[in-house]
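Structure first, then comments.
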Amino acid sequence: AAAAQPTFPAYFARSWQRGICLVGVDAMPAGVEQLDFGFRITAARIIAGIWLSTLLIRLWYLQGIHGAYYRDQSENNRTRAIRTEAPRGNIYDRTGRLLVHNRPAFNAALMLEDTPDVKGTIRKLAEITSRDEEQLLAQFSSRKAGRKFEPQVVMYDISREELAKIKVNTHNLPGVIITEVPTRAYPNNSVAALLFGYAREISKTQLETYRDRGYRQGDTIGQSGLEKQFEEVLRGRAGYVQVEADARGNRRDELGIIDARPGNDLYLTIDIDLQRAAEEGLAGLRVAVVALDVNTGEVLVLASGPSFD
């Protein structure tokens, strides 16, 4: 009688015991060949199904759940609007001589969304510009956190040398940009300093109070003297620059500009020559002097000591 056809498991086991490697199907009996081919087809279908399911789940996760987020990120990586501070109005004396004006200053700022390691980037900035790292970190941390797509200033009024060093090392400073801002300048140095007062970046407390008036982190606001008293007159309206940037936050092109509107100029009744003479006479004294025009009542001199620069 013919020998019984070996079953697939038994045939497989005996073949391995004899040291036979089942490479092809030619050495297999017909029934075993059919079983082996069917097993391969089933395994391939299962693997393909798992792979396709994983792909579809991932696609649904990216486009279905987080589609809006990644679309916004993609647009923001291409273009962004950078707010530009408006120049404050100039201040003149009664004869039209310039007393307070603006000069351009450069700040080093971070675009937080393009800066994966904020502390590491600030550390590199300190090394490149020979600044104190702890001071820069403390200064940056003390500011109220702004929106990620708005520049956050790290270094104010940098020198031309520091500007050149930062520009050369841009590839090592992801997210670092240079912003140009108007800064107050005083042609007569300390003359009438108490009268003019001063303006500086808005504080956290002030920002909470004045945010509804259009102020943002980094804006300049009058803190004392005429700068504070006539804030609404001297203050301008901010502008915006729409720029194209790469993934590291570096500018590639300017796509559009909304010009900032300068503040209004302020004309005083003060005579700067009389003001200077009065302050020179008050040197070292703790007194005040007021001089009026007897015909009009206009204030010609308003000085007190000691003053500041």
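Throughout, numbering of the chain's residues begins at 1 and tracks the sequence.
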Of all the heavy-atom pairs spanning [X] and [Y], show the shortest one and how long it is.
X: Gly175; Y: Thr115; answer: CA-OG1, 3.5 Å
X: Ile166; Y: Ala108; answer: CD1-CB, 4.0 Å
X: Pro182; Y: Glu85; answer: CD-O, 3.8 Å
X: Thr95; Y: Arg97; answer: OG1-NE, 2.9 Å
X: Ala105; Y: Thr183; answer: CB-OG1, 3.1 Å
X: Tyr267; Y: Asp93; answer: CD2-O, 4.5 Å

Requested in this report: Would you check, one step at a time, whether the test side chain to side chain contact (heavy atoms under 4.5 Å, CB included) holds for Leu268 with Phe196?
Outcome: CA-CA 11 Å; Leu268 309 179; Phe196 301 144; 4.1 Å; yes
Starting at [atom1] of [X], measure out to [atom2] of [Y] and round the result to the nearest 0.5 Å.
X: Arg123; Y: Leu137; atom1: CZ; atom2: CG; result: 7.5 Å
X: Tyr186; Y: Leu99; atom1: OH; atom2: CG; result: 11.0 Å
X: Leu55; Y: Ile57; atom1: CG; atom2: CD1; result: 10.0 Å
X: Leu163; Y: Asn107; atom1: CG; atom2: CG; result: 11.0 Å
X: Thr129; Y: Glu162; atom1: OG1; atom2: CD; result: 5.0 Å
X: Ile122; Y: Leu110; atom1: CD1; atom2: CG; result: 5.5 Å

Hey, is the main chain of [Y] close enough, under 3.5 Å, to the side chain of [X] for a donor-acceptor pair?
X: Asn264; Y: Leu234; result: no
X: Gln275; Y: Ile270; result: no
X: Asp265; Y: Asn90; result: yes
X: Ser203; Y: Gln206; result: yes
X: Ser190; Y: Ala193; result: no

Basic-acidic side-chain contact under 4.0 Å: [X], [Y]:
X: Glu231; Y: Arg88; answer: yes
X: Asp219; Y: Arg211; answer: no
X: Lys124; Y: Asp117; answer: no

Same apolar cluster: [X] and [Y], side chain cutoff 4.5 Å:
X: Ile158; Y: Val181; result: no
X: Val191; Y: Leu226; result: yes
X: Leu302; Y: Leu274; result: no
X: Phe140; Y: Leu173; result: yes
X: Leu194; Y: Leu266; result: no

Query - Non-hydrogen side-chain atoms of Glu227 and Val100 separated by less than 4.5 Å - result: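 Heavy-atom side-chain distance check passes, below 4.5 Å.
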Query - Close side-chain approach of Leu98 to Tyr92, heavy-atom, < 4.5 Å - result: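 They are in contact (side-chain heavy atoms under 4.5 Å apart), so the answer is yes.
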Requested in this report: Evaluate the side chain to side chain contact (heavy atoms under 4.5 Å, CB included) criterion for residues Val176 and Met155: first the C-alpha distance (whole Å), next the side-chain angles of each, then the deciding distance (0.1 Å), finally the verdict.
Outcome: CA-CA 11 Å; Val176 174; Met155 298 170 57; over 6 Å; no
Query raised in the report: Regarding Gln217 and Gln152, is there a side-chain donor-to-acceptor distance under 3.5 Å anywhere?
Result: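 Distance-only check fails for Gln217 and Gln152.
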Query raised in the report: Do you know which of Asn189, Asn188, Asp271 makes side-chain hydrogen bond (donor to acceptor under 3.5 Å, both in side chains) with Arg276?
Result: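 Only one option passes, and that is Asn188.
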Residues forming a salt bridge (charged side-chain N to carboxylate O under 4.0 Å, His left out) with [X], sequence neighbours excluded:
X: Arg94; answer: Glu298
X: Glu127; answer: none
X: Glu279; answer: none

Report task. List the steps and the verdict of side chain to side chain contact (heavy atoms under 4.5 Å, CB included) for Glu201 and Thr220. Result -> CA-CA 4 Å; Glu201 182 180 354; Thr220 300; 5.6 Å; no
Query raised in the report: Does Arg45 CZ have over 12 foreign heavy atoms under 6.0 Å away?
Result: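 At most 12 heavy atoms, drawn from other residues, nucleotides or ligands, come within 6.0 Å of this atom.
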Query raised in the report: Does CD belonging to Gln135 count more than 12 external heavy atoms closer than 6.0 Å?
Result: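 12 or below, so no.
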